[in-house]
Amino acid sequence: MGYWRGIIECYREFLPVDEKTPIITLYEGNTPLVHAQNLAREIGFRGEIFLKYEGLNPTGSFKDRGMTVAISKAVEDGKKAVICASTGNTSASAAAYAAKAGLKAFVLLPKGAVALGKLSQAVIYGARVIAVQGNFDDALYMVRKIGEILPVEIVNSVNPYRIEGQKTGAFEVCDALGDAPDYHFIPVGNAGNITAYWKGYREYYQVGKIRRLPKMMGWQAEGSAPIVKGYPIKNPQTIATAIKIGNPYSWQPALQAVHQSGGLIDAVSDEEILQAYKLIASKEGIFCEPASAASVAGLIKLTRENFFKGGEVVVCTLTGNGLKDPDTAMKVCEQPITLPPDLDKVLELIEQ
Ligand code: F0G
């Protein structure tokens, strides 16, 4: 193989590309699968936990896997502009890949509900950013309408190429473990990623690369849990802004993933999300964003409820990088202590 050239080159035979497809890549994928022994010990989980750290993708989230395929296909199809609605990560990724491809990018964001790091990414990569005085669902509704009126490519996960690219997350997990895990825990927002992972696992199973399928375990935030509740939420609320979505596009495929795999979809509170967010950082040295921690929060919840027998292999996808949202970290952690440049005072504090 030589060096890593992105998910399309690596998994070409599983993806809808051929020799005519121009490959637009930022060398996404190949992210670490971290063996989280400290976390397992801390939460009393008597099996093995692996964290798929998607925050190490080029724009800091799993969206890059889908975006390399969506943007490559948009270029192949002669598109000149792309558009998306986003809680932040999709827009960051779309803007970066559009920049690389020389396409225009338009992004519609819910005003005041996107972490600053993500907003700064969309801006610096050169996207046209529109802050909508509404929520993600309002923005996605408009994007889908605009896609019907103008010749722009929608690069939300309504675009099937996004799902195709994102399924490579499952391939990498299997390549690293030698088989599928027993359980795959994943945060759920617009529900594209759980759909994509399940597709990836099934495809690897069909070609005999793995001998079993995992149970898919999806996690929504309590104030933003339409799939769990069974009806759309008009005004979703959660600190995990990335998954603050009241009417997910891939609702049905997500339910199918859960039912076919024998998994479940459930909700965790903001408090549980923040506890997991802090534990992942303080026990494993991994800074993920709050929405990402919903997967681990779900694992903690089920561990407490004695859901597991012991000996299970569990993978949690950590979908995005914590540096995108430093404000939340600063809000929920101990604040720095200010002291004068006085050695005795500093020593006194350290020795406490
Ligand atoms: N985690 C993070 C960090 C996300 O940004 C998202 C979705 C999810 C989880 C949920 O994934 O939507 O496939 O179920 N972010 C989208 C965005 C909505 O616009 O960036 P999903």
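Counting starts at 1 for both ligands and their atoms, following the listed order. As the structure is a prediction and not an experimental result, all values here were calculated from the model.
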| request: Looking only at distances, please establish whether an N/O atom of ligand 1 is found under 3.5 Å from an N/O atom of N190. | output: yes
| said: Students should be able to answer this: which protein heavy-atom is nearest to atom 11 (O) of ligand 1, and at what distance? | reply: F62 CZ, 3.5 Å
| request: Give yes if a backbone or side-chain nitrogen or oxygen of E289 is under 3.5 Å from a nitrogen or oxygen of ligand 1, and no if not. | output: no
| message | When you measure from the side chain of E284 to the backbone of L39, do you find a donor-acceptor pair of N or O atoms at a distance under 3.5 Å? | response | yes
| said: Please compare A191, G218, A242 and report which has the shortest non-hydrogen distance to atom 21 (P) of ligand 1. | reply: A191
| Pairs flagged by salt bridge (Lys or Arg N to Asp or Glu O under 4.0 Å) wherever residues 79-93 is involved - sequence neighbours left out | K79-E153
| said: Which residue in the set E172, E28, Q166 passes side-chain hydrogen bond (donor to acceptor under 3.5 Å, both in side chains) when paired with R65? | reply: E172
| task | Report, in ascending order of atom number, the atoms of ligand 1 lying under 4.0 Å from any heavy atom of S86. | result | 17 (C), 19 (O), 20 (O)
| field | For I243, the ligand 1 atoms whose distance to one of its heavy atoms is below 4.0 Å | value | 8 (C), 9 (C), 10 (C)
| field | SB check K20 E76 (cutoff 4.0 Å) | value | no
| request: Consider every N or O of I194 and every N or O of ligand 1, then say whether any pair is closer than 3.5 Å. | output: no
| task | Please indicate whether any nitrogen or oxygen in K63 is less than 3.5 Å from any nitrogen or oxygen in ligand 1. | result | yes
| request: Without swapping roles, check the side chain of S295 against the backbone of S292 for a donor-acceptor pair under 3.5 Å. | output: yes
| task | Any atoms of ligand 1 less than 4.0 Å from a non-hydrogen atom of I245? List them with their elements. | result | 18 (C)
| query | Does a side-chain heavy-atom distance below 4.5 Å link I83 with L108? | reply | yes
| message | For a quick check under 3.5 Å, do T31 and E54 share a side-chain donor-acceptor pair by atom type? | response | yes
| message | Within this structure, what is the CD1-OH distance for the pair I280 and Y53, rounded to the nearest 0.5 Å? | response | 10.0 Å
| query | Any nitrogen or oxygen of S292, main chain or side chain, under 3.5 Å from a nitrogen or oxygen of ligand 1? | reply | no
| query | Under a heavy-atom criterion of less than 4.0 Å, does T195 contact ligand 1? | reply | no
| message | Show the atoms of ligand 1 that are less than 4.0 angstrom away from any heavy atom in T90. | response | 16 (C), 17 (C), 19 (O), 20 (O)
| Against heavy atoms of T319, which atoms of ligand 1 measure under 4.0 Å? | 1 (N), 2 (C), 3 (C), 9 (C)
| Side-chain heavy atoms of Y11 within contact of V17, under 4.5 Å | no
| task | Could you list which atoms of ligand 1 come closer than 4.0 Å to a heavy atom of G192? | result | 13 (O), 14 (O), 21 (P)
| task | Output the list of atoms in ligand 1 that are nearer than 4.0 Å to some heavy atom of N89, sorted by atom number. | result | 2 (C), 3 (C), 4 (C), 5 (O), 20 (O)
| At their closest point, which heavy atom of E164 faces which heavy atom of F14, and how far apart are they? | OE1-O, 3.9 Å
| task | Distance to 0.1 Å, residue and atom name: give those for the protein heavy atom nearest to atom 13 (O) of ligand 1. | result | N193 N, 2.8 Å
| query | Any idea which atoms of ligand 1 are less than 4.0 Å away from a heavy-atom of V188? | reply | 14 (O)
| message | Does any N or O of ligand 1 fall below 3.5 Å from an N or O anywhere on T87, backbone included? | response | yes
| Under a 4.0 Å N-O cut-off, is there an ion pair linking K118 with D325? | no
| field | Residues K324 and E289 bridged, charged N to O under 4.0 Å | value | no
| message | Pairs of nitrogen or oxygen atoms closer than 3.5 Å, one from F136 and one from ligand 1: do any exist? | response | no
